[in-house]
2 protein chains.
Amino acid sequence: MGTYKTEREFLQHYNIHDHELPLVSVDVAIFTLLEGRLQVLLVKRGDFPHKGRWSLPGGFVNQQQDQDLSATARRKLLEKTGVDTSHLEQIATVGNHKRDPRGWSVTVLYMALIPYSPAQAIAAPVSDARWWPLEEAAEQRLAFDHNELISMARERLRSKTGYTMLPAYIIDSPFSLTQLQQAFEELLGTEVEKKSFRRRVLAADILEEVGEGLAESGRGRRAALYRPKKGGEQHAFVRVFGGVEEV
Amino acid sequence: MGTYKTEREFLQHYNIHDHELPLVSVDVAIFTLLEGRLQVLLVKRGDFPHKGRWSLPGGFVNQQQDQDLSATARRKLLEKTGVDTSHLEQIATVGNHKRDPRGWSVTVLYMALIPYSPAQAIAAPVSDARWWPLEEAAEQRLAFDHNELISMARERLRSKTGYTMLPAYIIDSPFSLTQLQQAFEELLGTEVEKKSFRRRVLAADILEEVGEGLAESGRGRRAALYRPKKGGEQHAFVRVFGGVEEV
DNA sequence: GAAATAGTGTCTCTAAGACAATATAAT
DNA sequence: ATTATATTGTCTTAGAGACACTATTTC
């Protein structure tokens with residue numbers, strides 16, 4: 001480390017390769033709801049390390065293409081699903097010396113929520129990517145520490161479902177309150193009481209009614225259909241749904 | 001990228017310097033409570049870039065010394081305060097092409113809470129480190145994007161104060177309920193109602209009584225003193241204190 | 001009318017908000 | 001007694017839980 005007089009001079013002599021740098025990747029846990037069950041998108045690794053294993057979509061930051069970390073995450077989401085807009089959220093960063101055989105490695109984990117239909121069309125052609133029901137994904141030995149990464153994202157999803165409207169962003173709009181409640185229940189992992197649910201959601205004033213429709217079965221009374229109001233994603237309830245939260 | 005038959009062979013030929021890697025640093029927002037006000041520890045940068053500016057304690061991962069990211073954070077905490085144990089929590093990761101003039105850079109932000117007294121002794125000798133009241137820190141132009149990093153940590157601190165016992169870890173044990181309430185109020189930024197506060201904290205059964213003592217003024221009734229029970233840090237309340245939260 | 005689904009009424013229960021009242025200490 | 005601080009009593013209010021009830025649709 002030399003002694004330079006100005007920052008300009010310092011930067012001219014600065015060589016990034018003088019330091020040992022950890023690998024930096026971004027991984028994305030992309031969730032959707034298919035047939036009422038929570039699914040995660042996995043891709044089969046075509047290269048070493050862990051060639052042939054299933055893993056979260058992810059990769060290295062492209063310093064030319066990506067302005068920031070969320071751009072890397074968004075790029076991966078787009079490559080695998082063709083979907084851009086949706087809920088994208090940073091979950092955590094895991095870095096240690098043993099998670100990658102190539103050396104000290106850091107991965108920034110994101111979570112994306114998308115409704116099933118739009119993803120379907122584009123994800124299918126990519127033959128090495130498919131949706132897995134969460135339990136089946138967990139049973140496998142995934143690449144790197146991706147089992148743990150999925151658990152972390154799943155846990156955040158569960159916990160935020162307790163006090164936000166997150167599930168509204170994993171189903172297609174418009175939806176009936178019954179459909180929304182089913183999404184809440186699947187993401188929470190517990191049942192919620194119908195009246196409480198409706199009271200809470202409607203009182204929050206974050207949905208707007210957009211007509212009515214029939215249930216999938218084609219039977220029974222028509223349901224009012226809703227879509228989230230702009231900014232409703234930000235809404236947080238003061239009380240948590242379904243009992244005590246873990247931190 | 002060659003084609004290798006085995007992972008072993010792949011790893012033998014893998015050269016980390018074939019890729020352009022972002023810089024990876026860890027920064028720690030260390031908070032304490034001094035004279036009832038929230039303070040953050042800043043250090044004066046002795047090297048370029050941003051030489052002479054105040055910044056959060058932080059630095060690059062040391063691949064030999066640090067097993068994982070939290071070890072880097074803990075090492076920085078120890079270097080600057082001499083304190084090891086305490087609340088250490090990962091807040092977020094910021095990475096983009098413009099936050100560091102040396103190039104694409106990623107920093108993993110941690111937050112540490114420590115009671116004032118133990119830190120005092122060791123932080124003083126390090127002449128380039130001192131506690132700043134949060135407002136004064138915010139008024140300055142700090143190195144890199146550290147103003148924003150502090151805001152992020154501050155926001156998490158405020159929000160978790162609403163539903164956890166976090167403030168119990170920023171004051172010395174044992175404490176009276178009044179002292180604890182004052183810590184809550186400073187971290188929350190609003191006043192809380194005395195009876196509600198006591199009911200909530202005592203009902204949660206996460207404090208244990210350890211005798212009684214007088215207030216600092218030496219006047220008035222003796223207060224019962226408490227310290228957090230083991231694991232109390234994990235406790236989360238079902239309802240949020242002091243109104244609606246932002247997500 | 002029967003079955004299925006959507007939506008409401010209403011009582012209870014928990015915990016926070018408000019604020020007055022009581023208890024124990026130093027002076 | 002006065003002042004300062006700690007602690008409790010209790011009424012009100014917001015919102016979740018439980019569950020029975022009504023409404024609208026298809027068959």
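Protein chains get the first letters and strands the later ones, always in sequence-line order, with residue 1 at the start of each. None of the values given here were measured: they were computed from a predicted structure.
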Tell whether B/Arg219 reaches the base of D/dT3 with its side chain through a donor-acceptor pair below 3.5 angstrom.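 Checked by distance alone, the answer is yes.
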Can you find an N or O donor on one side and an acceptor on the other, under 3.5 Å apart, linking the side chain of A/Lys195 with the base of C/dG7?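 Looking at the base of C/dG7, it does not pair with any donor or acceptor on the side chain of A/Lys195 (distance under 3.5 Å).
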Do any side-chain nitrogens or oxygens of [X] fall under 4.0 Å of OP1 or OP2 in [N]?
| X | N | value |
| --- | --- | --- |
| B/Arg222 | C/dA25 | yes |
| B/Arg239 | C/dA16 | no |
| A/Arg198 | C/dG7 | yes |

In terms of the angle between their ring planes, are B/Phe237 and B/His235 parallel, tilted or perpendicular, with boundaries placed at 30° and 60°?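 Judged by the thresholds at 30° and 60°, the geometry between B/Phe237 and B/His235 is perpendicular.
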Return the orientation label for the B/Phe184 and B/Phe197 ring planes: parallel under 30°, perpendicular over 60°, tilted otherwise.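 Aromatic pair B/Phe184/B/Phe197 classed perpendicular.
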Interatomic distance where [atom1] belongs to [X] and [atom2] belongs to [N] [whole Å]:
| X | N | atom1 | atom2 | value |
| --- | --- | --- | --- | --- |
| A/Phe241 | D/dA16 | CZ | P | 6 Å |
| A/Gln181 | C/dT5 | CD | P | 14 Å |
| A/Glu191 | D/dC19 | CD | P | 13 Å |
| B/Phe197 | D/dT8 | CZ | P | 14 Å |
| A/Glu193 | C/dA6 | CD | C1' | 14 Å |
| A/Leu188 | D/dG17 | CG | P | 10 Å |
| B/Leu207 | D/dT7 | CG | P | 12 Å |
| A/Glu212 | C/dA6 | CD | C1' | 10 Å |

Checking all strands, does [X] fall into the base, sugar-phosphate, or nothing category for heavy-atom contacts under 4.0 angstrom?
| X | result |
| --- | --- |
| B/Ala224 | sugar-phosphate |
| A/Thr178 | sugar-phosphate |
| A/Arg199 | base |

Of B/Arg200 and B/Lys194, the one whose closest DNA chain C nucleotide lies more 5':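 Counting from the 5' end, the first nearest nucleotide belongs to B/Arg200.
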Locate the shortest heavy-atom distance separating A/Asp27 from A/Gly58; write the atom from each residue and the value.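 Nearest pair, atom of A/Asp27 first, then A/Gly58: OD1-CA, 3.5 Å.
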Shortest side-chain distance from A/Arg221, nucleotide among C/dA6, C/dC19, D/dC19: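 Looking only at side-chain atoms, A/Arg221 lies closest to C/dA6.
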Is a salt bridge present between B/Asp205 and B/Lys229, judged by a nitrogen-to-oxygen distance below 4.0 Å?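 Between B/Lys229 and B/Asp205 there is a salt bridge, with a charged N closer than 4.0 Å to a carboxylate O.
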Salt bridge A/Arg37-A/Glu186, side-chain N to carboxylate O under 4.0 Å: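 Salt bridge absent between A/Arg37 and A/Glu186.
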